[in-house]
Amino acid sequence: KQWYQRRVRGIMLRIAIRCTSFESLFGLLKAEQCPYFYVCSHQTTVLFRRRDGVLCADLVPTTYGVRNSLKQEDIEFTMPLAQELISVETLEQENLDTNEDTGDARDFLDS
């Protein structure tokens with residue numbers, strides 16, 4: 001039982017150190033003494049930074065569950081990479097539609 005208690009204490013100490021480190025870094029970010037910092041885990045990475053005077057967190061990758069939780073908490077978020085992807089797909093579709101009108105697939109391949 002003693003080895004288990006030592007192990008639990010060690011884990012709790014590591015968690016406390018990480019929490020203190022995070023709070024210190026976040027405080028530096030809020031005080032504008034640190035431009036950014038990031039936190040990595042085996043599943044995700046979060047970059048904390050200021051954008052136009054506002055504190056932001058960039059989270060990658062996201063999942064449906066994470067986005068749903070943010071929505072439920074009324075936390076605003078954007079998905080700029082998804083918007084870029086949609087824009088590219090829209091442009092590609094417009095190009096296909098334009099080339100379909102001419103009926104010449106070689107013009108599309110040459111462009």
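Nearest heavy-atom pair, Thr44 versus Val60, reported as atom, atom and distance to 0.1 Å: OG1-O, 2.8 Å.
Placement of Val66 and Ile75 within a single hydrophobic cluster is found when ILVMFWY residues are connected by side-chain heavy-atom separations under 4.5 Å, directly or transitively. Hydrophobic clustering, with ILVMFWY side chains joined whenever heavy atoms are under 4.5 angstrom apart, groups Val46 together with Leu25. Two different hydrophobic clusters hold Leu47 and Leu28 under the rule that ILVMFWY side chains link at heavy-atom gaps under 4.5 Å.
Taking CZ of Phe77 as the start and OG1 of Thr62 as the end, the distance is 8.0 Å to the nearest 0.5 Å. The distance from the CD atom of Glu23 to the NZ atom of Lys30 is 10.0 Å, given to the nearest 0.5 Å. Of the inter-residue distances, the one linking Arg9 atom CZ with Arg6 atom CZ reads 8.5 Å to the nearest 0.5 angstrom. Within the model, atoms CZ of Phe22 and CZ of Phe37 stand 4.5 Å from one another, a figure rounded to the nearest 0.5 Å. In this structure, CG on Leu29 lies 9.0 Å from CZ on Phe48, to the nearest 0.5 angstrom. A distance of 10.5 Å separates CG in Asn68 from CD in Glu73, rounded to the nearest 0.5 Å.
Put simply, the side chain of Arg49 never gets that close to the backbone of Tyr38: no donor and acceptor are under 3.5 Å apart.
Inter-residue side-chain proximity for Arg51 and Asp58 is flagged as met; some heavy-atom pair is nearer than 4.5 Å.
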